Amino acid sequence: TVTIHPKTKYMDGTTFFIEDFEGGNVKFNTGTGSNANLVVDNVDGERVGKVVVNSESNFWSAYLVNGADNEFFTFPFGKQVFLEVEVNNEAPVTISVIYVKTDGSMAQQENNTVTTNRPGWKKLYFDMTEVVSNSGGYGFWFGFQANLPEGSSSATVLLDNIKLVY
C-alpha cells in the first residue's frame, strides 16, 4: 500500500475573498424575486448560511458582494478566477455570474447547478475564468438560487466556506 500526502499551494499574489459566516457581516445581498432568506445558523457546532424553501417561501436568490455597499468584484485582465463552495443541499442550487458591461447594462449567465443526488456536505470548485473573461463585463457578482423541488413541502440549503480565489 502506498500512502500519498498531497499538498496544495496557491501561487504568490493570489487574492482570497472568504465568506465563512463566522463574522458579523454576511456578504450576501438578496436577489430579485427572492421570498426566502439566508440566515446564519449553528449546525454541528459551525456557523453556516442556511436557507429553507417551503410552500410559502419557495424561491431563494442572493448574490455574493464585495463589501457592505453592494460592491462588485473586479479582476485583473487575464487573471484566473475560481469559486469554491461547501454545500449541503436538499434543493438544487444554481450558481451564476452577474456582471456589469461597459455600456452600463447588466447580464447574468448561469454556470452550474448543484444537484441533490449525493446527500451531505460537498466541496465544489468552479473555474469561472472563461465566463468572466468572455463576458464583456468589468464588475461581477456571484449569484446563488434555489427553488422548492416539485413534490417537496420543504428543503434546506446549507452553505459554508465560500471562497473567491483569483
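Bear in mind that the values here come from a model prediction, so they are computed numbers and not experimental data.
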Path from Phe126 to Phe144 over hydrophobic side-chain contacts below 4.5 Å = yes

Spatial distance of atom CD (Gln109) from atom CG (Asn134) [nearest 0.5 Å] | 8.5 Å

Is the backbone N or O of Asn29 less than 3.5 Å from a side-chain atom of Asn70, with the two atoms forming a donor-acceptor pair by type?
-> no

Should the pair Trp141 and Tyr63 be assigned to parallel (<30°), tilted (30 to 60°) or perpendicular (>60°) ring geometry?
-> perpendicular

Over 12 foreign heavy atoms within 6.0 Å of CD, Glu130 | no

Are Val165 and Leu64 connected in the hydrophobic side-chain network, where two residues link if heavy atoms are under 4.5 Å apart?
-> no

Hey, is the main chain of Gly31 close enough, under 3.5 Å, to the side chain of Ser34 for a donor-acceptor pair?
-> no

More than 12 heavy atoms of other groups within 6.0 Å of Asp12 CG = no

Donor-acceptor contact present, side-chain Lys27 to main-chain Ile18, <3.5 Å = yes

Check: Thr30 and Trp60 side chains under 4.5 Å, non-hydrogen atoms | no

Donor-acceptor contact below 3.5 Å, side chain Ser133 vs main chain Thr129 | yes

Stepwise side-chain contact (heavy atoms from CB on, under 4.5 Å) check, Phe73 with Leu164 | CA-CA 10 Å; Phe73 295 91; Leu164 192 55; 3.5 Å; yes

Would you mind writing out the side-chain donor-acceptor pairs for residues 78-99 within the sub-3.5 Å range, not counting sequence neighbours?
unit_1: Glu84; atom_1: OE2; unit_2: Tyr10; atom_2: OH; d: 3.1
unit_1: Glu86; atom_1: OE2; unit_2: Lys123; atom_2: NZ; d: 3.3
unit_1: Glu86; atom_1: OE2; unit_2: Asn161; atom_2: ND2; d: 3.1
unit_1: Asn89; atom_1: OD1; unit_2: Lys122; atom_2: NZ; d: 3.0
unit_1: Asn89; atom_1: ND2; unit_2: Ala91; atom_2: O; d: 3.0
unit_1: Asn89; atom_1: ND2; unit_2: Val114; atom_2: O; d: 3.2
unit_1: Asn89; atom_1: ND2; unit_2: Thr115; atom_2: O; d: 3.3
unit_1: Glu90; atom_1: OE1; unit_2: Thr156; atom_2: N; d: 2.9
unit_1: Thr94; atom_1: OG1; unit_2: Thr113; atom_2: OG1; d: 3.3
unit_1: Ser96; atom_1: OG; unit_2: Gln108; atom_2: NE2; d: 3.1

Between CG on residue Asp41 and NZ on residue Lys50, distance to nearest 0.5 Å = 4.5 Å

Arg47 side chain to Phe21 main-chain N or O, any donor-acceptor pair under 3.5 Å?
-> yes

Under the side-chain contact (heavy atoms from CB on, under 4.5 Å) criterion, do Lys163 and Phe17 qualify, and how do the steps go?
-> CA-CA 6 Å; Lys163 294 179 192 169; Phe17 177 89; over 6 Å; no

Can Phe142 be reached from Leu124 by stepping across I, L, V, M, F, W or Y side chains whose heavy atoms are under 4.5 Å apart?
-> yes

Kindly assign one of parallel, tilted or perpendicular to the pair Phe72 and Tyr138, based on the angle between their ring planes and the thresholds 30° and 60°.
-> perpendicular

Tyr166 and Phe75 aromatic ring geometry - parallel, tilted or perpendicular at 30°/60° bounds = perpendicular

Between Phe140 and Met128, is there a shared hydrophobic cluster once you connect ILVMFWY residues whose side-chain heavy atoms come closer than 4.5 Å?
-> yes

After noting the C-alpha distance and the side-chain angles of Ser154 and Val52, does the key distance pass the side-chain contact (heavy atoms from CB on, under 4.5 Å) rule?
-> CA-CA 7 Å; Ser154 179; Val52 177; 3.6 Å; yes

Please report the C-alpha distance between Leu38 and Val26 in whole Å, then the side-chain angles of each, then the deciding distance to 0.1 Å, and finally whether the side-chain contact (heavy atoms from CB on, under 4.5 Å) criterion is met.
-> CA-CA 9 Å; Leu38 179 131; Val26 174; 3.7 Å; yes

CG-CG distance between Asn35 and Asn54, expressed to the nearest 0.5 angstrom = 8.5 Å

For Trp121, what are the other residues in its hydrophobic cluster, where any two members join if their side-chain heavy atoms are less than 4.5 angstrom apart?
-> Val43, Val48, Leu158

So, for Ser152 and Leu148, which heavy atoms are closest and what is the spacing to 0.1 Å?
-> O-CD2, 3.4 Å

Around Asp44, counting heavy atoms of other residues, nucleotides and ligands shown, do more than 12 lie under 6.0 Å from its CG?
-> no

Whether Asn58 side chain and Asn147 backbone form a donor-acceptor pair below 3.5 Å = no

